A.B. asks: 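Here you go, one structure.
Quantities reported herein were computed from a predicted structural model and do not represent experimental measurements. Just so it is clear, the values below take in all heavy atoms, side chains as well, and ignore hydrogens, waters and symmetry mates. One-based numbering along the sequence shown. Order of appearance sets the numbers: ligands from 1, and atoms from 1 within every ligand.
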Amino acid sequence: MPATGCRSAGALPQTVDEAFVKALPKAELHAHLSGSVSMKTLHGMWSRKRASGRCLKLLDPLQAMLSIAESVDIISFFPLFDQYIYQLLDDIESVQEATRSVIRDFATDGVKYLELRTTPREHAQTGMTKASYVHAVHEVIQTHNNSYDVVCEQSHDIKVYLILSIDRKMTLEQANEVLDLAMTLRTGCVVGIDLSGNPARGDVETFTPVFRRAKTEGLHITVHFAEVLASATQRELEVILSWEPDRLGHVICTSEDVERTIKERRTGLELCLSCNVLAKMTEGSIADHHFRKWRMTSCPIALSTDDVGIFQSPLSNEYLLAAQHFELGPQDLVALSKSAASIAFGDSQSLRASLKTFETYFQAQGYGC
Ligand SMILES: CNc1ncnc2c1ncn2[C@@H]1O[C@H](COP(=O)(O)O)[C@@H](O)[C@H]1O
């Protein structure tokens with residue numbers, strides 16, 4: 001643990017370091033499953049597939065993912081999935097292995113509450129259907145939640161929920177299919193639906209009936225919002241706000257009008273520092289990120305990773321970046337984690353309890369000079 005700053009009984013340490021942000025119990029609310037798989041896990045799959053004569057034309061993830069991380073932008077980002085990652089996650093076995101490894105990686109990073117989101121996907125050659133895909137992911141999460149020490153070697157007090165994503169390029173029928181799947185598994189770990197995918201594609205109005213139905217059925221709604229100028233027309237943003245989403249992701253190219261509505265509603269915001277800067281969705285550096293602006297409002301914020309397998313910045317690092325670039329101290333980071341817990345779709349009781357223990361620990365320690 002960091003031993004810096006001035007000792008003052010009853011206070012948290014004055015500065016933040018890697019050990020602090022890792023130990024801080026955290027909630028991850030915006031993580032795309034396929035984008036969260038580590039290079040190491042993808043490499044293992046690649047090696048096994050190659051040994052059985054598959055994926056022979058695919059580059060080794062240990063090289064491919066590094067060069068992707070260095071050069072990615074919002075245009076080159078989306079084809080990555082179809083052209084690369086989905087070639088490796090093409091059957092039920094790989095999808096389940098990926099889900100297990102993603103849960104383990106978040107747990108190792110001190111995440112105590114995780115909402116994974118994923119888009120139902122099929123693969124004709126391996127016989128994977130959208131339904132079998134979703135059931136496979138769901139089964140891993142349920143097994144994890146229902147048992148201890150199965151997924152992680154150490155104690156893994158991480159609670160995991162699932163959100164099903166509708167891709168902007170889907171038809172109304174396909175989007176309804178996603179909602180139907182979510183409805184079937186809502187007694188399990190599915191807590192909501194999301195709209196994501198390439199923001200340059202599709203017309204959000206197509207999905208109005210689906211999101212209205214989700215709302216009526218009591219499912220939570222989160223939507224990728226104003227990610228780029230093309231998906232930030234006044235009309236698009238008004239259509240999305242008319243669905244009354246519980247949370248919004250990214251929230252970059254907003255107008256004053258739209259911001260007013262979001263603030264009045266105190267909508268939860270999922271903000272992704274590294275992703276937005278590395279994919280050049282925002283101008284400038286982390287210090288210029290709109291986190292600075294939204295932090296001054298009463299909208300609860302959940303710092304999130306988006307696609308840690310691509311952007312290579314785990315949630316603990318996002319907290320560290322926030323501390324470094326927005327002058328946040330330990331108490332601010334604890335408050336930020338509580339803010340994320342307050343907009344969780346599932347039961348975040350155990351995270352709140354961990355946060356309390358964490359605070360008490362530091363208060364008992366006292367830190368400093
Ligand atoms: C800038 N960030 C983003 N914006 C919008 N959509 C994103 C995204 N990052 C990921 N996805 C969506 O999630 C899929 C991968 O995970 P799953 O196969 O669903 O688990 C991508 O194909 C894309 O549709």
A.B. asks: If you count the non-hydrogen atoms of other residues, nucleotides and ligands that lie under 6.0 Å from CG in L62, is the total more than 12?
C.D. replies: yes
A.B. asks: Quick one: look up the protein heavy atom nearest atom 17 (P) of ligand 1 and list residue, atom name and how far away it is.
C.D. replies: S34 OG, 3.3 Å
A.B. asks: So is there a nitrogen or oxygen of S196 less than 3.5 Å from a nitrogen or oxygen in ligand 1?
C.D. replies: no
A.B. asks: Among protein heavy atoms, which sits nearest to atom 18 (O) of ligand 1, and what does the distance come to when rounded to 0.1 Å?
C.D. replies: Y86 OH, 2.5 Å
A.B. asks: Is it the case that R295 places NZ or CZ above or below the six-membered ring of F326, under 6.0 angstrom from the centre and within 45 degrees of the axis?
C.D. replies: no
A.B. asks: Pull out every atom of ligand 1 sitting under 4.0 Å from any heavy atom of H250, numbered as shown with elements.
C.D. replies: 2 (N)
A.B. asks: Report, as yes or no, whether the 6.0 Å neighbourhood of atom NZ on K280 holds more than 12 heavy atoms from other residues, nucleotides or ligands.
C.D. replies: yes
A.B. asks: Within ligand 1, which atoms have a heavy atom of T119 less than 4.0 Å away?
C.D. replies: 17 (P), 19 (O)
A.B. asks: Using a strict cut-off of 4.0 Å, indicate which atoms of ligand 1 neighbour a heavy atom of D167.
C.D. replies: 24 (O)
A.B. asks: Can you establish whether the number of heavy atoms outside Q234 located under 6.0 Å from its atom CD is more than 12?
C.D. replies: yes
A.B. asks: What about G197: any of its N or O atoms under 3.5 Å from an N or O on ligand 1?
C.D. replies: yes
A.B. asks: Provide, to 0.1 Å, the distance between atom 12 (C) of ligand 1 and the closest protein heavy atom, together with that atom's residue and name.
C.D. replies: H32 ND1, 3.5 Å
A.B. asks: Counting only heavy atoms from other residues, nucleotides and ligands, does the tally under 6.0 Å from CD of E93 exceed 12?
C.D. replies: no
A.B. asks: Among all protein non-hydrogen atoms, which one is nearest to atom 9 (N) of ligand 1, and what is the separation to 0.1 Å?
C.D. replies: D307 OD2, 2.8 Å
A.B. asks: Is it true that, when you exclude R292 itself, more than 12 heavy atoms of the residues, nucleotides or ligands shown sit nearer than 6.0 Å to its CZ?
C.D. replies: yes
A.B. asks: What atoms of ligand 1 come within less than 4.0 Å of a heavy atom belonging to M281?
C.D. replies: 1 (C)
A.B. asks: Is it true that F358 and F20 have ring centroids separated by less than 6.0 Å?
C.D. replies: yes
A.B. asks: Counting only heavy atoms not in Q324, do more than 12 fall under 6.0 Å of its CD?
C.D. replies: yes
A.B. asks: Closer than 4.0 angstrom: is that true for some heavy atom of R168 and an atom of ligand 1?
C.D. replies: no
A.B. asks: Measure the distance from atom 3 (C) of ligand 1 to every protein heavy atom, then report the residue, atom name and distance (to 0.1 Å) of the closest one.
C.D. replies: E227 OE2, 3.6 Å
A.B. asks: Around atom NZ of K293, are there more than 12 heavy atoms of other residues, nucleotides or ligands at under 6.0 Å?
C.D. replies: yes
A.B. asks: Under 4.0 Å from any heavy atom of F77, which atoms of ligand 1 are there?
C.D. replies: 2 (N), 3 (C), 8 (C), 9 (N), 10 (C)
A.B. asks: Among all protein non-hydrogen atoms, which one is nearest to atom 2 (N) of ligand 1, and what is the separation to 0.1 Å?
C.D. replies: D306 OD2, 2.9 Å
A.B. asks: Can you sort out which atoms of ligand 1 are near L33, meaning under 4.0 Å from one of its heavy atoms?
C.D. replies: 20 (O)
A.B. asks: Starting from atom 20 (O) of ligand 1, what is the nearest protein heavy atom, named by residue and atom, and what distance separates them?
C.D. replies: T118 OG1, 2.6 Å
A.B. asks: Testing K159, H220, H30, R247 one by one against E115 for a side chain to side chain donor-acceptor pair (under 3.5 Å), which residue passes?
C.D. replies: R247
